[in-house]
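Remember, predicted model here, so these are calculated numbers, not experimental data.
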Amino acid sequence: MGSGSERQRMMREAGAESALDAAARRLERAVAQLEARVAVLAQRGEADGLFDQDRAKLAAELDAARAREKDLEAAGAEASAALGRAIVEIRAALGSADEAEDVEDAPKEA
């Protein structure tokens, strides 16, 4: 009966190895899935970092554009004021010239 007992022991060991192999395969699949998920999350994290950098760059460019806009508005206001003063001076000069012409065109009394 020693051989029957030995055979049962071998079958149990073979069954245990099969169960162990199956468990090892399940563990390997789970680890592979976990690694794939971690890789996807890492790529997303890198992409989020790139988007954050892009946002920061765009925000800085927007701030610079707004500052430039204010400078241009100030320069435009100064130019408008200067043109206004020039128009007033030209009109005054033309008014003086018109008055001088009126005096020259007036009949001279002798």
Side-chain angles (χ1 to χ4, degrees):
M1 287 204 185
S3 70
S5 149
E6 180 69 26
R7 186 173 176 186
Q8 286 178 344
R9 184 182 64 77
M10 287 176 64
M11 288 178 75
R12 275 183 277 165
E13 286 178 2
E17 286 180 25
S18 296
L20 184 59
D21 288 340
R25 283 191 299 274
R26 286 193 308 270
L27 178 61
E28 287 175 5
R29 279 194 305 266
V31 168
Q33 289 174 348
L34 180 61
E35 288 174 341
R37 182 70 178 142
V38 167
V40 167
L41 292 174
Q43 287 176 346
R44 280 190 193 159
E46 290 173 7
D48 288 345
L50 292 175
F51 287 133
D52 288 341
Q53 289 174 356
D54 285 346
R55 282 187 201 119
K57 180 180 175 185
L58 289 173
E61 289 175 0
L62 180 60
D63 290 343
R66 285 182 176 160
R68 178 78 175 135
E69 178 186 24
K70 287 181 182 179
D71 291 344
L72 290 173
E73 285 177 353
E78 288 177 23
S80 178
L83 284 172
R85 288 188 302 271
I87 289 171
V88 168
E89 289 176 12
I90 290 170
R91 284 186 178 155
L94 289 175
S96 296
D98 287 343
E99 289 175 12
E101 284 180 18
D102 288 343
V103 170
E104 289 178 10
D105 290 341
K108 295 186 181 182
E109 295 178 22

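For the pair I90/L94, a side-chain contact is recorded, criterion being any heavy-atom separation below 4.5 Å from C-beta on. At a threshold of 4.5 Å between non-hydrogen side-chain atoms, the residues R37 and V40 count as touching.
Atom CG of L58 sits about 6.5 Å away from atom CG of D54, to the nearest 0.5 Å. Of the inter-residue distances, the one linking R66 atom CZ with E69 atom CD reads 8.5 Å to the nearest 0.5 angstrom. Taken from CZ in R26 to CG in D21, the straight-line distance is 10.5 Å, to the nearest 0.5 Å. How far CD of E28 is from CD of E35: 10.5 Å, rounded to the nearest 0.5 Å. Considering CG of L27 and CZ of R25, their distance stands at 12.0 Å, rounded to 0.5 Å. Note that NZ of K70 is 12.5 Å distant from CG of L72, once rounded to the nearest 0.5 Å.
Hydrophobic clustering, defined by side-chain heavy atoms of Ile, Leu, Val, Met, Phe, Trp and Tyr closer than 4.5 Å, leaves L83 isolated from every other such residue.
Of the possible polar contacts, one joining the S96 side chain to the A92 backbone as a donor-acceptor pair under 3.5 Å is found.
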